[in-house]
Amino acid sequence: MSFPLQRLRRTRRTAALRGLVRETWLSPQDFIYPIFVTVGEDVKKPIASMPGISQLSINHAVAEARRAHGLGIPGVLLFGVPDEKDEAASGAYDPEGIVQLATRAIKEAAPELLVITDVCLCEYMSHGHCGVVQRDSGEVLNDVSLELLARTAASQAEAGADIVAPSDMMDGRVAAIRSELDREGFENTPIMAYAAKYASAFYGPFREAAESAPQFGDRRSYQMDPANAREALLEVGLDIEEGADVVMVKPALPYLDVIRRVRETTDLPLAAYNVSGEYAMVKAAAGSGWLDEKAVVLEALTGIKRAGAEIIITYHAPDAARWLAE
Ligand code: PBG
């Protein structure tokens with residue numbers, strides 16, 4: 001009878017040994033925490049499909065941002081829920097728009113905390129699409145949308161955003177935003193591009209949270225087909241050529257292969273967005289007592305990091321940061 005010579009179980013016997021050979025360490029420093037900011041005074045409106053997450057008026061958003069900062073989370077990602085929408089998304093680039101006001105307030109309260117602003121038009125468009133829609137055809141127009149996106153990014157930088165993050169998926173938006181930022185004197189403001197953003201059903205709860213569901217059609221003419229991975233590399237390559245400073249894959253868990261492939265094609269920082277539907281699934285199962293929430297969240301986030309993302313945008317950020325500190 002012969003026995004195996006090489007035994008991997010030797011280094012799994014104790015917590016100290018497992019720690020010694022652990023390849024991936026999750027830290028609060030890896031996280032970005034998304035916050036939905038809404039107009040009004042003292043508003044805290046829970047989002048039914050995202051237990052623990054609410055639309056927050058600026059005073060509460062500031063408190064939540066401070067809490068995240070206190071837990072060692074380096075940044076927040078702001079989404080705006082405006083009170084008015086139109087067909088030019090004017091709220092997106094209004095200097096007194098909800099995200100601009102929230103950015104100023106958070107930067108004042110916690111100057112060290114990074115404020116990242118989502119650059120998109122869907123929350124501000126009456127039809128809910130991420131670009132300008134041609135009335136008769138219903139087509140989402142690419143090049144006219146670029147101007148509005150660039151104005152949005154510049155107005156957010158003006159308000160003090162540390163990083164702007166375009167999530168619209170129009171072609172050429174990184175270049176358009178870069179040149180507008182440079183022209184307006186924000187040549188040091190980085191762009192975190194949602195480079196490979198899929199047309200995903202996992203955004204469902206977000207659309208309730210941000211009140212941004214398209215009123216007709218869907219986003220498949222601009223967001224990526226979930227079946228494609230090579231195309232993600234093309235998207236990432238274009239965004240890098242256009243000047244992206246950080247690239248992103250979104251969603252995260254069904255696209256770990258894409259995260260890995262992007263990691264292998266660029267040495268730029270890589271972010272992954274653990275989206276609302278991924279959060280909702282865990283919360284629903286944990287709420288029913290079917291999963292151990294803490295263990296599942298830390299395992300999922302570790303998996304995203306192991307796949308190659310060093311920045312993880314996640315609604316679990318404050319909980320995960322607390323658990324990591326225990
Ligand atoms: C806006 C945007 C969306 C998300 C981030 N930015 C929704 C969408 O594209 O429909 C989704 C985030 C999430 O689900 O957590 N374009």
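First listed ligand is number 1; within each ligand, the first listed atom is number 1. Predicted model only: the values in this text are computed from it and were never measured.
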**Q** Which atoms of ligand 1 are found less than 4.0 Å from any heavy atom of Gln223?
**A** 8 (C), 9 (O)
**Q** Do Glu123 and Lys85 meet the salt-bridge criterion of a basic N to acidic O distance under 4.0 Å?
**A**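 Not counted as a salt bridge, because no side-chain N and carboxylate O are separated by less than 4.0 Å.
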**Q** Using heavy atoms and a threshold below 4.0 Å, how should the contact between Ser276 and ligand 1 be classified: side chain, backbone, both, or neither?
**A** both
**Q** Only heavy atoms of Cys130, strictly under 4.0 Å: list the atoms of ligand 1 that pass.
**A**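 Result: 16 (N).
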**Q** Side chain, backbone, both or neither: which part of Cys120 has a heavy atom under 4.0 Å from ligand 1?
**A** side chain
**Q** Is Met169 in contact with ligand 1, taking contact as a heavy-atom separation below 4.0 Å?
**A**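 Not so, Met169 does not reach ligand 1.
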**Q** Please write down residue, atom name and distance for the protein heavy atom closest to atom 3 (C) of ligand 1.
**A** Phe206 CE2, 3.3 Å
**Q** Take atom CG in Asp225; do more than 12 heavy atoms of anything else shown fall under 6.0 Å from it?
**A**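 Enclosed: over 12 neighbouring heavy atoms sit under 6.0 Å from CG of Asp225.
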**Q** Under 4.0 Å from a heavy atom of Asp118: which atoms of ligand 1 are those, numbered in the order shown and with their elements?
**A** 6 (N)
**Q** Look at ligand 1 and say whether Tyr315 reaches it with a heavy atom at a distance under 4.0 Å.
**A**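 Yes, Tyr315 has heavy atoms under 4.0 Å from ligand 1.
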**Q** When you look for heavy atoms under 4.0 Å from ligand 1, do you find them on the side chain of Asp168, its backbone, both, or neither?
**A**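 Contact part for Asp168 vs ligand 1: neither.
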**Q** Taking distance alone, with N or O pairs closer than 3.5 Å, would you say Tyr194 contacts ligand 1?
**A**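 No: no nitrogen or oxygen of Tyr194 is under 3.5 Å from one in ligand 1.
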**Q** Only heavy atoms of Cys122, strictly under 4.0 Å: list the atoms of ligand 1 that pass.
**A** 1 (C), 16 (N)
**Q** Aromatic contact between His316 and Tyr33, with the criterion being ring centroids under 6.0 Å apart: yes or no?
**A** no
**Q** What are the atoms of ligand 1, with element, lying closer than 4.0 Å to any heavy atom of Ser167?
**A** 1 (C), 2 (C), 6 (N), 16 (N)
**Q** Answer yes or no on whether Lys197 is positioned over the face of Tyr203, meaning its NZ or CZ is under 6.0 Å from the six-membered ring centre and within 45° of the axis.
**A**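 Flagged: Lys197 positioned over aromatic ring of Tyr203.
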**Q** Can you see whether Tyr315 has Lys283 sitting over its ring - NZ or CZ less than 6.0 Å from the centre and within 45° of the normal?
**A**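 No, Lys283 does not sit over the ring of Tyr315.
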**Q** Does atom CZ of Arg66 have more than 12 heavy-atom neighbours, drawn from other residues, nucleotides or ligands, at distances under 6.0 Å?
**A** no
**Q** Please confirm whether Tyr124 and Tyr93 have ring centers closer than 6.0 angstrom.
**A**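 No; Tyr93 has its ring centre 6.0 Å or more from that of Tyr124.
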**Q** Counting from 1, what ligand 1 atoms have a heavy atom of Phe79 closer than 4.0 Å?
**A**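 Going through ligand 1 atom by atom, the ones under 4.0 Å from Phe79 are 5 (C), 6 (N).
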**Q** Below the 3.5 angstrom mark, is there an N/O of Ser212, backbone or side chain, next to an N/O of ligand 1?
**A**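 For ligand 1, there is no N or O atom that lies under 3.5 Å from one belonging to Ser212.
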**Q** Quick one: does Arg219's side chain have a donor or acceptor within less than 3.5 Å of a partner on Ala199's backbone?
**A** no
**Q** Going by the closest heavy atom to atom 16 (N) of ligand 1, which one wins out of Lys250, Lys197, Arg207, Arg219?
**A** Lys197
**Q** For ligand 1, which atoms have a heavy atom of Tyr273 less than 4.0 angstrom away?
**A** 12 (C), 15 (O)
**Q** Distance-only, no hydrogens or angles: does the Glu278 side chain make a donor-acceptor pair with backbone N or O of Ala252 under 3.5 Å?
**A** yes
**Q** Looking only at atom types and distance, does a side-chain atom of Asp239 sit under 3.5 Å from a main-chain N or O of Ala193, one as donor and one as acceptor?
**A** no
**Q** Do any N/O atoms on Glu123 end up under 3.5 angstrom from N/O atoms on ligand 1?
**A** no
**Q** I'd like to know if the side chain of Ser288 reaches the main chain of Ala284, judged simply by a donor and an acceptor atom lying under 3.5 Å from each other, with no hydrogens or angles considered.
**A** yes
